[in-house]
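Just so we're on the same page: letters track the sequence lines, and every chain starts at 1.
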Amino acid sequence: MTLRWELPDGSFRTGESGITGQDLAGAIGPGLARAAVAVELDGELLDLGRPLHTSGKLRIITDRTEEGRDILRHSAAHVLAQAVLDLFPGSTFAIGPPIEDGFYYDFGIDHPFLPEDLSRLEERMEELIAADQPFIRRSMSRAEALEVFQSHPFKLEIIESVDPSEVAEGEEVTVYSNNGFVDLCRGPHVPSTGRLKAVKLLRSSGAYWRGDENRPQLQRIYGTAWESRRSLKDYLHRLEEAERRDHRKLGPALDLFSFPRQLGAGLMVWHPKGGMVRKLMEDHSRKLHEHFGFEFVFSPHLARSQLWETSGHLDFYSENMYPPMVLDGGDQYLVKPMNCPFHVLIYRSRGRSYRDLPIRLSELGGVYRYERSGVIHGALRARGFTQDDSHTFCTRQQLPAELDMHLLFVLSWLRDFGFSEFEADLSTRPDKFVGDPQLWEVAEEALLRSLQKGGVSHRVAEGEGAFYGPKIDVHVRDTIGRRWQMSTIQVDFALPDNFGLEYADTDNVFRRPVMIHSAKAGSIERFFGVLVEHYAGAFPLWLAPIQVTVSPVADRHSDYARQVAEKLESVGLRVRVDASSDRLGEKIRRAMTAKHPVVMVVGDQDVKNATVGLRRFGETQEKRAVPLPEIAAALAEEALPPNSLPG
RNA sequence: GCUGGCGUAGCUCAGACGGCCAGAGCAGCUGAUUUGUAAUCAGCAGGUCGUGGGUUCGAGUCCCACCGCCAGCUCCA
């Protein structure tokens, strides 16, 4: 029987029933045959070696695509499992999926994997790959599978759990075997182990079975696999690049901030240079808040436990709060993990009318959250941090317009700091929720509409909203493509209820306002940490703590250097004169290492002509004889805070 | 919190098997040098070897506990 397949480009191919994807790829071209790892027929992924028996839409998956790499990595995970079972008899294996940029496999084994074990395993994997063992697919009944995997309890659990995404539909399960090693797997796989060109094991760690900390802890090995040595090298280079940008290294190295051990985990201090950047961030934040109609409020760092009872934090958040201090007549005081209850009290400090709404309160509020020791991560996840927190109280009718405005605000803010790629998550009503389902729907709809209006690419995270309301989290991509969660806009139905907030409406009926929590930077500390990584420590001119270093060539140019500095300072620039007796090369190197955006070199010629030599960070070639007044004006202009506000 | 790894000067690192006064480079200080675009030379100073116990004639090296850091799990701004 002749079958007919439609390819993605709209062309058609025909072939006899029983022909394989490999044959088909070969018929199209030898390059494609080499790159092919699987085919997709009517949405179903099949091994290259699977005989095709139906016509339909067909796509050949190559190892240059993410899908193709997933298959590659999945196969690499199998080979890893094979190596572990070879080298560590008695170990049992759980699951080994592909993940972003790699794969992992979890093992039940009493021996933790050490770095030297990884080298041994890698060697064993190389042998298995060199042997070019074919992956052979087979279906079997569940009963038979239970027999085959009888000594592997995790596999048994998977077989019994009937999760089709892990095994197969119906009563049959599929397994893949190569040279005596059998793994439960839905496939597809590459045709043979020899197709794995570039595999590397990266690290080992513990991981809970099924991601549940109450279940057994397994030993996980992470690895990566690529279609070529070249791609693997590029990936490893990307890892190095990320390491080079690590804010935990750059922060102390550039004298921005530090985490003195004496303070305890997750608590940082800002040095003057980091403090300058923070000041500029905060100035900018306040300016934008003012522009968008926010008012500034301030609140203390602690409050009686009763407040947190009313707000619901003691019920829902207590495990993240520091233990109470007992004062005076036994009153308990708690350090704040959030600012919202304080702002609610400001709202409630007097009667409110519809004429007052919306009320938008903003605060750079220091909060403290008890984070489990293992999750602390530099400035990105600290125990003490500052939220650029705001709470907007409005009517239901005002909600859509307010959300539009908040999103606009967030995007302006992020753009100003050099981010241009945004992705939003819209988290909707979870199973456990408070409030009126209809109101939820209205709010979710309004959030969605705001995203569409703002032209922000987004995905809907069904059921992932907080119990008190739906939310938008805005993520950015940094210079090297990493995704960071930054801003958040959350609708809250619970807090106005808990505190019995109300306003007098036009018909003189008291109604409950809706509340919007929003943080544009999220946490100032975290935002700053991300900025350091985004810019690799080389801040743009408007944010750089030291904008210009003036380096006299010799002592006799020092006076002129100081005049240059004064001129620059007079137009608002932050300047430093390097009057040390080092050679010029050393002064340049020092300024570049400290990532100062501009170095001005002044020598005899410059003194005579009122010019400077100009060298900018990131440029290898300097400019000579640049007239001072011009460059001062140009830099002053460039150093202004950005303004991406519409209108 | 869990699993594993790690902790020697401000930073990056040396310090087989436990054994004379714990080393280097950079940074710092002092002096010399006055230099036109990514490291001038010399000298000096700097360490409770994360903390506390223990084993030992003797501990930076071995054991235990705690603290902190790193990777991941879980959780999250």
Requested in this report: Could you work out which one of B:A39, B:C73, B:U37 sits closest to the side chain of A:Leu584?
Outcome: B:U37

Report summary line: Side-chain contact check for A:Arg526: nearest option of B:A77, B:G36, B:C70 is B:A77

Pick the [atom1] atom in [N] and in [M], then give their distance to the nearest Å.
N     : M     : atom1 : value
B:C41 : B:U33 : P     : 16 Å
B:A27 : B:U74 : C1'   : 40 Å
B:G23 : B:C69 : P     : 31 Å
B:A65 : B:A24 : C1'   : 34 Å
B:U56 : B:A39 : C1'   : 48 Å
B:C13 : B:C6  : C1'   : 14 Å
B:G4  : B:C66 : P     : 14 Å
B:G47 : B:A22 : C1'   : 8 Å

Give a yes or no on whether a donor-acceptor pair under 3.5 Å exists between the nucleobase atoms of [N], that is its base, and the side chain of [X].
X        : N     : value
A:Arg381 : B:C75 : yes
A:Arg372 : B:C75 : no
A:Tyr370 : B:G1  : no
A:Glu371 : B:A77 : yes

**Report entry** Residues which pass side chain to side chain donor-acceptor pair (under 3.5 Å) with A:His247, listed by chain and number, not counting sequence neighbours
**Finding:** A:Glu533

Report summary line: Contacts of A:Asp101 meeting side chain to side chain donor-acceptor pair (under 3.5 Å) (sequence neighbours excluded), chain-then-number -> none

[X] side chain near [N] phosphate (N/O to OP1/OP2, under 4.0 Å):
X        : N     : value
A:Lys587 : B:A39 : no
A:Tyr222 : B:C73 : yes
A:His377 : B:A71 : yes
A:Arg615 : B:A38 : yes

Query raised in the report: What are the residues of residues 591-606 of chain A, sorted by number, that bring a heavy atom to within less than 4.0 Å of RNA chain B?
Result: A:Met592, A:Val601, A:Gly603, A:Asp604, A:Gln605, A:Asp606

Query - Residues from residues 460-482 of chain A lying under 4.0 Å of RNA chain B - heavy atoms - result: none

Do [X] and [Y] have ring centres separated by under 6.0 Å?
X        : Y        : result
A:Tyr105 : A:Tyr222 : no
A:Phe292 : A:Phe409 : yes
A:Phe316 : A:Phe467 : yes
A:Trp413 : A:Phe419 : no

Report summary line: Letter by letter from the 5' end, nucleotides 28-34 of chain B scores (B base, S sugar-phosphate only, - none; protein heavy atoms under 4.0 Å) ----BBB

Report summary line: Per-nucleotide protein contact along nucleotides 3-10 of chain B, 5' to 3', at a 4.0 Å heavy-atom cut-off (B base, S sugar-phosphate only, - neither), is BSS-B---

Separation of atom [atom1] in [X] from atom [atom2] in [N], rounded to whole Å:
X        : N     : atom1 : atom2 : value
A:Arg483 : B:A77 : CZ    : C1'   : 15 Å
A:Asp255 : B:C11 : CG    : C1'   : 13 Å
A:Asn339 : B:A77 : CG    : P     : 14 Å
A:His391 : B:A77 : NE2   : C1'   : 13 Å
A:Arg383 : B:G1  : CZ    : C1'   : 10 Å
A:Glu622 : B:A38 : CD    : C1'   : 12 Å
A:Leu250 : B:C11 : CG    : C1'   : 13 Å
A:Glu319 : B:U74 : CD    : C1'   : 13 Å

Is the Lys NZ or Arg CZ of [X] less than 6.0 Å from the centre of [Y]'s six-membered ring, within 45° of the axis?
X        : Y        : result
A:Lys595 : A:Phe539 : no
A:Arg429 : A:Phe433 : yes
A:Lys336 : A:Tyr368 : no
A:Arg526 : A:Trp484 : no
A:Arg220 : A:Tyr104 : yes
A:Arg286 : A:Phe294 : no

Requested in this report: Could I get the full list of ring-ring contact (aromatic ring centres under 6.0 Å, His included) partners for A:His596, not counting sequence neighbours?
Outcome: none

Report task. Map A:Ala379 and A:Arg203 onto RNA chain B by nearest heavy atom, then report which one ends up closer to the 5' terminus. Result -> A:Arg203

**Report entry** Base of B:A77 and ring of A:Phe385 stacked, centres under 5.5 Å, planes under 30°
**Finding:** yes

Query raised in the report: Got a minute to check which stems RNA chain B is part of, using Watson-Crick or G-U wobble pairs under 3.5 Å, three or more consecutive?
Result: B:1-7 with B:67-73, B:10-13 with B:23-26, B:28-32 with B:40-44, B:50-54 with B:62-66

Requested in this report: Kindly write out the residues that satisfy salt bridge (Lys or Arg N to Asp or Glu O under 4.0 Å) with A:Glu586, not counting sequence neighbours, or none if the list is empty.
Outcome: A:Arg589, A:Arg590

Query raised in the report: Got a sec, which pairs hit side chain to side chain donor-acceptor pair (under 3.5 Å) with one end in residues 250-264 of chain A, sequence neighbours left out?
Result: A:Ser258-A:His271

Query raised in the report: A:Phe385 versus A:Ile524: any side-chain heavy-atom pair under 4.5 Å?
Result: no

How would you label the contact of [X] with the nucleic acid (heavy atoms, under 4.0 Å): base, sugar-phosphate, or nothing?
X        : value
A:Gly211 : sugar-phosphate
A:Ala519 : nothing
A:Lys249 : sugar-phosphate

Report summary line: Given the options A:Val607, A:Thr611, A:Val602, A:Val564 meets side-chain contact (heavy atoms from CB on, under 4.5 Å) only with A:Val602

Requested in this report: Please collect all salt bridge (Lys or Arg N to Asp or Glu O under 4.0 Å) contacts where either partner lies in residues 483-492 of chain A, sequence neighbours excluded, each pair once.
Outcome: A:Glu423-A:Arg483, A:Asp425-A:Arg483

Requested in this report: Return the set of residues passing side-chain contact (heavy atoms from CB on, under 4.5 Å) with A:Val553 (not counting sequence neighbours), or none when no residue passes.
Outcome: A:His557, A:Leu584, A:Val601

